[in-house]
Each structure stands twice: as C-alpha cells, then as structure tokens.
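These notes are about the structure you will find just below.
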Amino acid sequence: EVQLVESGGGLVQAGGSLRLSCAASGFTFDDYAIGWFRQAPGKEREGVSCISNSDGSTYYADSVKGRFTISSDNAKNTVYLQMNSLKPGDTAVYYCAAGPILTKQFEPKKKEDEYDYWGQGTQVTVSS
C-alpha cells in the first residue's frame, strides 16, 4: 500500500521557520519525484517545489524561491521542505505528492496530474 504522510505543520509568526516532512512507503522511492503543493482557503492548489529522488534536481516556484529548501533522505524515504522567512501569504494546507520519473533529464513536475500519489496534508498557519 502506497502511503505519503506529511508532518511538521503548525502555527508560526511571520519571519519564522518550519520544516515539513513527507514520509513515503509502498513504492520505489528512487524512481519518483516528490512535490510539495499548497492550498489556501478559497484558492486553487499550487505547486511549491519538487525534487527528483533519482539525481536530487530541484524546482521552486517563484513565490518561495530563496526562502524554501527541499531535500531528500533516500535512506529514510523522506522528503523535507525547510520553510524560512515565512509570510502570512504562506498560510495553507501543504500536501506532498509522488510522481514517476519518466525522463533521464529532470523535468520539474509542476502540475497535479503529473503525480500519482498524495498525502493527506498538513496545516501551516503564519500569523502577522
């Protein structure tokens, strides 16, 4: 059974930091890219970042570039999203997702339909 379990969300003041974790099981971790998406109330879900578990290549949306860092611990089948300098606009439910790596050269998976498996989400709230 495939499982993606997010953790690490919470309430933080603007300017603070949080580290989200996505623990994966039930599939060959190295053959997948892991993405982080977020959905704020009343808004569409948006892609935030993704990482190739094959070669470690990464992608960041412009809105988080320079503030968020994605990393992967292949020995633990876990992907992390370190979020620094948080803003109230980062408030959302954060989801991790897994999608198969289909090409030798990394192509960032930015769309929801590129992912096969999803976690249940973790709430991040940034107060002003």
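What you see is a predicted model; the values in this text were computed from it and never measured.
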Charged N to carboxylate O below 4.0 Å: is that the case for Asp62 and Lys65? yes
I would like to know whether Gln82 and Ser71 meet side chain to side chain contact (heavy atoms under 4.5 Å, CB included); could you show each step before the answer? CA-CA 8 Å; Gln82 178 67 44; Ser71 62; over 6 Å; no
cation_pi(Arg19, Tyr80) dist<6.0 Å, angle<=45: yes
Looking at Ser128 and Pro88, what are the two nearest heavy atoms and their distance? CB-CG, 3.9 Å
So OG of Ser85 and CG of Asp90: to nearest 0.5 Å the spacing works out to 9.5 Å
What do you reckon, is CD of Glu112 surrounded by more than 12 foreign heavy atoms closer than 6.0 Å? yes
Using modelled atom types only, decide if a donor and an acceptor are shared between the side chain of [X] and the backbone of [Y] within a distance under 3.5 Å.
| X | Y | answer |
| --- | --- | --- |
| Lys110 | Ser49 | no |
| Ser57 | Asp55 | no |
| Thr28 | Asp30 | no |
| Glu6 | Thr122 | no |
| Asn74 | Asn53 | yes |

Show, in sequence, the C-alpha distance, side-chain angles and deciding distance for Gln13 and Leu86, and conclude whether the side chain to side chain contact (heavy atoms under 4.5 Å, CB included) test is met. CA-CA 8 Å; Gln13 288 188 332; Leu86 283 162; over 6 Å; no
List the residues meeting ring pair (Phe, Tyr, Trp, His ring centres under 6.0 Å) with Tyr60, not counting sequence neighbours, and say none if there are none. none
pair Thr58-Thr69: side-chain heavy atoms closer than 4.5 Å: no
Can you name the residues that form a side chain to side chain donor-acceptor pair (under 3.5 Å) with Thr125, not counting sequence neighbours? Gln123
Step by step, work out the side chain to side chain contact (heavy atoms under 4.5 Å, CB included) result for Phe68 and Trp36. CA-CA 11 Å; Phe68 290 11; Trp36 285 98; over 6 Å; no
Cluster partners of Tyr115, using ILVMFWY side-chain heavy atoms under 4.5 angstrom, listed by chain and number? Phe37, Val93, Tyr95, Trp118
